[in-house]
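Working notes, structure below.
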Amino acid sequence: RVAAELAASALLGLLLAALCLLALRVPEVPPLPQLGLLGVGAAAFSAQGLLDQLLVPLGVTAPSLEPMLACVITGFVVCNGGEVFTGRDERRQLEALVNSS
């Protein structure tokens, strides 16, 4: 059970990383990229409720998600692997975005 929960949290982290990389591609009109990142953060903490709503009516016990672990994985992928996926330096872009907020 613990392995399934950790795997589900890691999968959530990878999904959030993809959303974060998409949010960094939003045109740099001042509130849009910040709102995109805020939405990614909100998704991390609302995923458990969504998963419960989807699986409990089917009679399946939803694994407990660890949103902070997912956020750590997201940050690692975006800062260390973003350039591999997009060809751009996502770490500098993310740093500039966070500092401008």
Side-chain angles (χ1 to χ4, degrees):
R1 175 118 177 119
V2 173
E5 291 174 353
L6 289 175
S9 297
L11 185 61
L12 175 62
L14 294 175
L15 176 66
L16 293 173
L19 291 174
C20 188
L21 290 171
L22 285 174
L24 290 174
R25 298 184 130 224
V26 171
E28 294 190 26
V29 177
L32 292 181
Q34 288 90 346
L35 289 174
L37 288 180
L38 187 61
V40 171
F45 289 92
S46 63
Q48 182 69 55
L50 178 64
L51 193 62
D52 287 340
Q53 287 181 346
L54 291 174
L55 295 180
V56 170
L58 299 174
V60 178
T61 303
S64 294
L65 297 176
E66 296 294 335
M68 291 305 295
L69 175 61
C71 288
V72 168
I73 292 170
T74 299
F76 179 81
V77 170
V78 170
C79 290
N80 297 306
E83 194 170 351
V84 173
F85 299 115
T86 64
R88 299 183 328 215
D89 188 2
E90 303 294 346
R91 179 183 292 184
R92 291 184 198 269
Q93 186 179 0
L94 182 61
E95 180 183 8
L97 184 60
V98 169
N99 288 335
S100 72
S101 298

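The residues of the chain are indexed from 1 along the displayed sequence.
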Please table the atom pairs, donor to acceptor, closer than 3.5 Å between any side-chain atom in residues 35-60 and protein atoms at least two apart or in another chain.
residue, atom, partner, partner atom, Å
Ser46, OG, Ala42, O, 2.9
Gln48, OE1, Leu65, N, 2.6
Gln48, NE2, Asp52, OD1, 3.2
Gln48, NE2, Pro63, O, 3.3

Donor-acceptor pairs are to be reported for all side-chain atoms of residues 8-16 against protein atoms at under 3.5 Å, with residues two or more places apart or in another chain.
residue, atom, partner, partner atom, Å
Ser9, OG, Glu5, O, 3.0
Ser9, OG, Glu66, N, 2.8

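Under the 4.5 Å side-chain contact rule for hydrophobic residues, Leu24 and Leu19 do not share a cluster.
Between the OG1 atom in Thr74 and the CE atom in Met68 there is a gap of 10.5 Å [rounded to 0.5 Å].
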